[in-house]
S.K.: 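Sending over a structure as structure tokens; questions will come in a sec.
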Amino acid sequence: MAYPFQNIEPKWQKYWDEHKTFKAVEDESIPKSKRRYILDMFPYPSGAGLHVGHPEGYTATDIYSRFLRMNGYNVLHPMGYDAFGLPAENYAIKTGTHPAETTFKNIAHFTEQIKALGFSYDWDREIKTCTPDYYKWTQWIFLQLYKKGLAYEAQTPINWCPSCLTGLANEEVKEGHCDRCGAQVTHKVIRQWILKITAYADRLIEDLDGLDWPESVKAMQRNWIGRSEGAEVDFVVADKDGKPTDQKLTVYTTRCDTLFGATYMVVSPEHPLIEKLTTAEQKEFVEKYREEAAKKSDLERTDLAKTKTGVFSGSYAINPVNGKLIPIWVADYVLISYGTGAIMAVPAHDTRDWEFAKKFNLPIIEVLKSEVDVQKEAWTQDGIHVNSEFLDGLNKKDAIAKMLEFLSEKGIGKKAVNYKLRDWVFSRQRYWGEPIPLVHCPDCGIVPVPESELPLELPAVKTYQPTGTGESPLAGIDEWVNCKCPKCGKPARRETNTMPQWAGSCWYYLRYIDPQNTASFADKAKENYWMPVDLYVGGAEHAVLHLLYARFWHKVLYDCGVVSTKEPFQRLINQGMITSFAFQRKSKSLVAVDAVDERDGKYFAKDDGEELERVVAKMSKSLKNVVNPDEMIKTYGADSVRMYEMFMGPLTVSKPWNTQGLIGVNRFLSKIWDLSEKPMVDVDITGHLEKELASLRKTYAKTVKKVTDDTGNLDFNVAISQMMIFINEASKLNEIPKAMWEGFVLLLSPYAPHLGEELWQKLGHTGSNAYEKWPEFDEKYCQEDTKEFPVMINGKLRAKFEAAANTDSATLEAMAKETEGFKKFTEGKTVAKIIVVPGKLVNVVVK
């Protein structure tokens, strides 16, 4: 019969809540080696709630946490919510509902869903990044960044929606259009707060080496930071007549040795000198080009496959190595966010520059000896220098060294290190975010809010509509904005930009350690007790930005002396995505599930009858293929959902949801329940047993060993397979040895905790089994009774025979001699040597 999960699961969830079963305590008697901090990437509580993909990582960390507790570890396993951000504010703009009301309603729903899955979180440590007791410390950390010179103000371009009259974060822009209204997004330069993450670029690269992270994630972070060594070179700007001006353009290049091949320059449409570079004759053309460029995303602008566009500024630069005039162009394939926003173009040896030069009929000069005609294609490999005066005949390394020496002597360039990483734009023109704790005073400048006055709380507002000026809605609340300068006491104005959603998620793992502390973000002794995080599990979509930002903040806090580790997350696992099925037309467009008919095992579009292909796709509301875990739990139970999510395949691999597989796991758990109804007998499983029990004892020992190893390695799917093998064999017996059954119940409990607790209670135990000792196994019962031994004669396999795995060498040799193969291939020959490798093979040498 089906096991009664409808009664069991609420019962044990209530028990764990009331008894605070999973409350973590800083017990100093437990050594550091027996403490583990297991962390999930905490969710944003959207109105849609969880789908079945969300619990995958949570289930993995929960199984592992339960396994560790049963193996004597003190485990910290918390949960909370990343609760500031765009969706709640967008909903507020649309409906007039306060973001706090929406957010806390969503949090309540998420919590209900998460608890229904029986996760062993310490709910006393729950945090919400939008509550003043939390963001007080986010503001405090910002002030430490500001005091260290790592937070500064600057005019910088943002995504701007001309319809909504507001700035947009990158995640609100879809294919160049506003995600809310669909209008074409442009760029607008406004005042922003920026964090100097580039000051930590080298440390962020170097410290990756000591982390147990996927190599792919490390590579992504290194590439995102993009450290390179090169030179900064100054080009004097000339007017339209070729006369030098007092302006100069600085470029960064990794190949200063190719300066003799620089035949034009390109500046970004956002370059700060563009107005001075643009002549009157070219002004109209440049302004029109800049307007068009502002409509493109950075990805579109740098797409190598795109046709190159540009416009002449009217000005020239003077090549510093040969004095030649070269034109300055404006082109959107150069980004203001990389290098200096200006480049020297060497079209003979760069495909992008070559295409641009060909389109606009600009000179192409070979400076590296090429195996192609550079007038027909770019030569992008290395070569000996030519047409380069004092560099002619040199290789790359020697030429770079000599050019650097030349530039330094002339005072027109210097060795430099550059990064693709840009400083982090850390403000939003939004309401629903942490207020930045700074005051603008006419006399004192920018003044921090005193730490004793934190938190600086968000004011109540009547409207969340954007101001249309690029400022936050806070700018319109005079009674909040107008204040006194903390330094001189004169009238001043508060900072009205708010922090981005990233802010609260940069350090939440530290607040879990001591969430009720009002004197600091975490007690230093408690931080030292738990840190670093031993295992962090989350989606690969956070492989760069979230992890990079959190590492940066952590290093700043380390430099401030308030955390004890250089890195926050020692081990990282990216779980694979749980996908669903969708339906695809020949054109590759996808069709929603409810717009499809199934006939005779084939699929057809309801609107036009086109036959469709069933494909794997990401779960989405638009495709109507989202699977709700609430429905699955209601029908099959939380334990079935948990075990199925782990049984689908390896944790790190993406796999499609199939409810038939869930039904199979549900049947397996019902089979376990049925087995628990059989008589339990006390037998000495270490002694002599009749054949069937001896076989089960062996299977049991192998199951304990395999489930122990696989759970420790997070290989949950194969651990479950081994449990199934044990249950299949145990089902053949009329009576079950109680000692084996108790051990199996403990193995099962991290995976199906509600059923595990109930079965433990059925065995006569009281209370929870969450801290019971993990089962042990006898290695001798894991050995095979017999195994196959090959007989090798002069290196070739000539026979095989069966023998006990621990058979001694003399016996193995004797048995080998009795094989037909031995007799056949040694007949009439001299056996020169027999070498027996115990437990493996018999090797024979004949002459």
Side-chain angles (χ1 to χ4, degrees), residues 1-13 16 49-60 62-63 66 112-120 575-576 578-581 619 625-651 655-678 703 707 710-711 715-732 736 741 744-762 769:
M1 67 174 190
Y3 76 102
F5 64 84
Q6 297 93 335
N7 300 324
I8 292 171
E9 291 179 353
K11 166 188 169 181
W12 285 104
Q13 288 163 17
W16 295 327
L50 297 177
H51 63 63
V52 293
H54 291 111
E56 182 189 17
Y58 305 159
T59 303
D62 188 64
I63 292 171
R66 289 174 177 272
E112 183 181 359
Q113 288 185 297
I114 290 171
K115 286 189 173 184
L117 282 154
F119 297 135
S120 61
Q575 84 266 18
I578 290 184
T579 55
S580 190
F581 290 112
M619 290 187 187
N625 64 349
V626 174
V627 180
N628 188 325
D630 299 356
E631 296 172 10
M632 298 296 105
I633 291 170
K634 183 179 179 181
T635 306
Y636 303 105
D639 284 345
S640 296
V641 173
R642 290 169 58 108
M643 285 198 82
Y644 173 60
E645 295 218 355
M646 295 299 97
F647 188 54
M648 292 169 75
L651 177 61
K655 45 259 173 187
W657 179 272
N658 185 342
T659 303
Q660 288 303 311
L662 172 63
I663 292 170
V665 170
N666 177 260
R667 287 176 182 152
F668 169 62
L669 296 181
S670 294
K671 191 173 184 178
I672 293 173
W673 179 260
D674 289 346
L675 208 53
S676 74
E677 301 282 82
K678 289 187 176 183
T703 300
V707 173
D710 292 340
T711 306
D715 294 326
F716 306 119
N717 58 317
V718 286
I720 294 169
S721 295
Q722 183 61 39
M723 291 185 213
M724 291 176 172
I725 291 171
F726 174 81
I727 290 300
N728 285 340
E729 186 164 347
S731 297
K732 299 171 185 176
I736 310 297
W741 189 247
F744 175 79
V745 167
L746 294 176
L747 295 180
L748 175 71
S749 289
Y751 291 80
H754 309 89
L755 179 57
E757 294 274 31
E758 191 70 15
L759 295 178
W760 190 247
Q761 193 173 73
K762 281 181 74 175
N769 65 15

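FYI, the numbering just counts along the sequence from 1.
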S.K.: Taking the six-membered ring of Trp16 as reference, does the NZ or CZ atom of Lys115 fall below 6.0 Å from its centre and within a 45° cone about the axis?
M.R.: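 No, Lys115 does not lie over the aromatic ring of Trp16.
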S.K.: For a 4.5 angstrom cut-off between non-hydrogen side-chain atoms, does Tyr751 reach Thr59?
M.R.: no
S.K.: Rounded to the nearest 0.5 Å, what separation is found between the CE atom of Met646 and the CD1 atom of Ile63?
M.R.: 5.5 Å
S.K.: Is the shortest side-chain heavy-atom distance between Glu757 and Ile8 below 4.5 Å?
M.R.: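 Of all side-chain heavy-atom pairs linking Ile8 with Glu757, none is under 4.5 Å.
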S.K.: Determine the minimum heavy-atom distance between Ser731 and Leu675, stating which atoms define it.
M.R.: CA-CD1, 3.6 Å
S.K.: Less than 4.0 Å between a side-chain N and a carboxylate O, is that true for Lys634 and Asp630?
M.R.: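 Looking at Asp630 and Lys634, the cut-off is not met.
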S.K.: If only atom types and distance count, is the side chain of Arg642 paired as donor or acceptor with the main-chain N or O of Pro55 below 3.5 Å?
M.R.: no
S.K.: According to side chain to side chain donor-acceptor pair (under 3.5 Å), does anything in residues 655-667 pair up with another residue at least two apart or in another chain? List the pairs.
M.R.: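 Found Glu56-Lys655, Ser640-Asn666, Trp657-Thr659.
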S.K.: So which heavy atom on Ile578 is nearest to which on Gly53, and how close?
M.R.: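 The pair with the smallest heavy-atom distance is CB-CA, 3.9 Å.
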S.K.: Identify the heavy atoms of Val745 and Gly756 that sit nearest to each other, and give their distance.
M.R.: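 For Val745 versus Gly756, the nearest heavy atoms are CG1-O, 3.4 Å.
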S.K.: Can you tell me how far apart CG (Leu748) and CD1 (Ile727) are? Round to the nearest 0.5 Å.
M.R.: 7.5 Å
S.K.: If you compare all heavy atoms of Pro753 against all heavy atoms of Gly118, which two are closest, and at what distance to 0.1 Å?
M.R.: CG-O, 4.1 Å
S.K.: For residues Ile672 and Leu759, determine if any side-chain heavy atom of one lies less than 4.5 Å from a side-chain heavy atom of the other.
M.R.: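 In contact.
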S.K.: Give, for atom CZ of Phe726 and atom CH2 of Trp741, the distance between the pair rounded to the nearest 0.5 Å.
M.R.: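 Atom-to-atom, Phe726:CZ and Trp741:CH2 are 6.5 Å apart.
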S.K.: Please say whether more than 12 non-hydrogen atoms of neighbouring residues, nucleotides or ligands are located less than 6.0 Å from CD in Gln6.
M.R.: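 It does: Gln6 CD has more than 12 such atoms within range.
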S.K.: Classify the ring geometry between Trp673 and Tyr3 as parallel (under 30°), tilted (30 to 60°) or perpendicular (over 60°).
M.R.: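 Because their plane-to-plane angle lies in the 30° to 60° range, the rings of Trp673 and Tyr3 count as tilted.
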S.K.: Considering only heavy atoms from C-beta outward, does the side chain of Phe581 approach that of Asn625 to under 4.5 Å?
M.R.: no
S.K.: Does Glu9 reach the main-chain N or O of Asp639 with its side chain, forming a donor-acceptor pair under 3.5 Å?
M.R.: yes
S.K.: For the atom pair NE2 (His754) and CZ (Phe5), what is the distance rounded to the nearest 0.5 Å?
M.R.: 11.5 Å
S.K.: Give a yes or no answer on whether the side chain of Gln113 reaches the backbone of Leu50 with a donor-acceptor pair at less than 3.5 Å.
M.R.: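 Checked: pair present.
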S.K.: Measuring from atom CG of Asp710 to atom CE of Met723, what distance do you get when rounded to the nearest 0.5 angstrom?
M.R.: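 Asp710 atom CG to Met723 atom CE measures 9.0 Å (nearest 0.5 Å).
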S.K.: Does atom NZ of Lys11 have more than 12 heavy-atom neighbours, drawn from other residues, nucleotides or ligands, at distances under 6.0 Å?
M.R.: yes
S.K.: Going from CD on Glu645 to NE2 on His54, what distance comes out if it is rounded to the nearest 0.5 angstrom?
M.R.: 11.0 Å
S.K.: Which heavy atom of Met619 sits nearest a heavy atom of Val627, and at what distance?
M.R.: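 So the two residues come closest at SD-N, 3.7 Å.
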S.K.: On a heavy-atom basis, which atom in Phe647 and which in Asn717 lie closest, and how many Å separate them?
M.R.: CD1-O, 3.8 Å
